[in-house]
2 protein chains.
Amino acid sequence: MSKPDISNAEFDVLDVLWERNPASASDVVQTLSSHKEWHEKTIKTLLGRLVKKGVISFEKQQRQYLYYPLIEREDYTAQETESFVGKLFKGKITPLVAGFATQKTLSKDDVNELKALIAQWEEDND
Amino acid sequence: MSKPDISNAEFDVLDVLWERNPASASDVVQTLSSHKEWHEKTIKTLLGRLVKKGVISFEKQQRQYLYYPLIEREDYTAQETESFVGKLFKGKITPLVAGFATQKTLSKDDVNELKALIAQWEEDND
DNA sequence: CATTTAAGATTACATTTGTAATCGTTCTTT
DNA sequence: AAAGAACGATTACAAATGTAATCTTAAATG
């Protein structure tokens with residue numbers, strides 16, 4: 001029932017399916033080949049594990065399978081973000097942004113986007 | 001050299017040492033007892049693993065050890081944040097904040113803090 | 001002083017993860 | 001039709017992780 005832990009390697013495979021849905025195993029292999037050094041067998045294993053975990057599913061297309069995600073990227077991202085922010089910043093985003101700002105340099109564009117975001121928030125809430 | 005992966009369980013132990021530095025094993029056990037169901041032995045194991053990983057160290061205090069972290073929470077947090085934001089938000093904080101804002105409700109205070117942060121940034125950079 | 005106790009060290013063991021190789025079957029291709 | 005290629009299923013195996021129990025030794029206690 002609860003969040004089926006998705007490992008790092010599994011995430012990379014799932015990520016491909018979020019981009020290209022549905023996709024055959026070889027589609028995934030192709031896509032990942034550009035930035036990962038994984039053997040085809042490894043990717044097949046990861047697909048299988050994701051299926052077993054109920055994170056993705058597939059439909060038989062003749063002999064191949066067409067895989068597709070069962071969870072939305074937005075949902076996954078939201079959950080991960082919540083637990084991350086909870087774990088490292090006591091649930092507050094401001095210190096996260098603050099730390100990020102001193103660490104990685106924010107661009108003027110980034111700041112403008114944040115301002116727009118806040119402006120939007122203020123418009124909505126009040 | 002590289003970031004010595006700190007597991008979730010290990011993190012909770014390290015977190016105690018960031019709060020209470022230095023601390024004996026039993027101090028850590030005591031502190032964690034309030035929110036974790038861990039056996040004392042388990043915590044000792046985790047302390048040992050952190051030492052082996054070079055994340056913490058200790059000084060012999062008679063028979064007990066006094067443990068202390070070797071890495072700063074801020075540094076760890078900064079690194080984790082960078083990889084997290086890189087993995088889920090292509091390195092951009094704005095979408096993280098945006099997603100967080102729609103998911104968890106931001107309080108007026110949160111927004112004010114963010115505004116202050118941005119104002120500060122603008123003052124510094126320009 | 002003898003014994004119980006408590007600290008850290010060592011060992012244990014199932015599960016998860018990374019990373020494949022092998023197996024059993026079907027499509028292909030000759 | 002025979003042989004090879006390609007697909008998913010099954011099996012492999014070491015390292016990491018969660019979660020302790022046992023061992024060794026020294027300190028505390030009767």
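Just the heavy atoms: all of them, side chains too, but no hydrogens, waters or symmetry mates, feed the values below. In what follows, chains are A, B, ... by sequence order, proteins preceding strands, each numbered from 1.
- Looking at residues two or more places apart in sequence or on another chain, you find a salt bridge (Lys or Arg N to Asp or Glu O under 4.0 Å) between A:Glu10 and A:Lys53.
- Remark: C1' of C:dT15 and CD1 of A:Ile6 are 18 Å apart, rounded to the nearest angstrom.
- Counting only heavy atoms from C-beta on, B:Tyr65 has its side chain closest to C:dA9 among C:dA9, D:dG8, C:dA7.
- A:Lys52 comes within 4.0 angstrom of nothing in the nucleic acid, heavy atoms only.
- Atoms CD1 (B:Ile43) and P (D:dT17) sit 18 Å apart, rounded to a whole Å.
- Taking the salt bridge (Lys or Arg N to Asp or Glu O under 4.0 Å) definition, one finds that B:Arg63 meets it with nothing, sequence neighbours left out.
- Legend: residues meeting ring-ring contact (aromatic ring centres under 6.0 Å, His included) with B:Phe89, ordered by chain and number and at least two apart, are absent.
- Taking atom CD of B:Gln61 as the reference point, atom P of C:dG8 lies 11 Å away to the nearest angstrom.
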### Task
Can you check each nucleotide of nucleotides 19-30 of chain D against protein heavy atoms at under 4.0 Å and return B for base, S for sugar-phosphate only, - for none, in 5' to 3' order?
BBBB---SS---
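- Computed from coordinates, the B:Asn8 CG to D:dA16 P distance equals 16 Å when rounded to whole Å.
- Atom P of nucleotide D:dA9 and atom CD of A:Glu40 are separated by 13 Å, given to the nearest angstrom.
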### Query
Given the rule in the salt bridge (Lys or Arg N to Asp or Glu O under 4.0 Å) test, do A:Glu113 and A:Lys108 qualify, once you have shown the distances and angles that lead to the verdict?
CA-CA 9 Å; A:Glu113 284 173 15; A:Lys108 185 64 190 163; over 6 Å; no
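- As rounded to whole Å, 13 Å separates atom C1' of C:dC23 from atom NZ of A:Lys44.
- In the model, A:Gln120 has a side-chain atom that pairs as donor or acceptor with a side-chain atom of A:Asp124 under 3.5 Å.
- We find that CD of B:Gln62 is positioned 12 Å from C1' of C:dA6, with the value rounded to whole Å.
- One can place NZ of B:Lys53 at 14 Å from P of D:dA15, the figure rounded to the nearest angstrom.
- Under the side chain to side chain contact (heavy atoms under 4.5 Å, CB included) criterion, A:Ala78 pairs with B:Gln103, not counting sequence neighbours.
- Within the nucleic acid shown, B:Lys60 has no heavy atom closer than 4.0 Å to any nucleic acid atom.
- For A:Leu66, the side chain to side chain contact (heavy atoms under 4.5 Å, CB included) criterion is met by A:Pro22, A:Ser24, A:Gln61, not counting sequence neighbours.
- The list of salt bridge (Lys or Arg N to Asp or Glu O under 4.0 Å) pairs with a residue in residues 79-91 of chain A, not counting sequence neighbours, reads A:Glu82-B:Lys104.
- Screening residues 14-43 of chain A for salt bridge (Lys or Arg N to Asp or Glu O under 4.0 Å), with sequence neighbours left out, gives A:Asp12-A:Lys36, A:Asp15-A:Arg73, A:Glu19-A:Arg73, A:Arg20-A:Asp27, A:Glu40-A:Lys44.
- A heavy-atom distance below 4.0 Å to DNA chain C is reached by these residues of residues 17-36 of chain B, ordered by number: B:Ala25.
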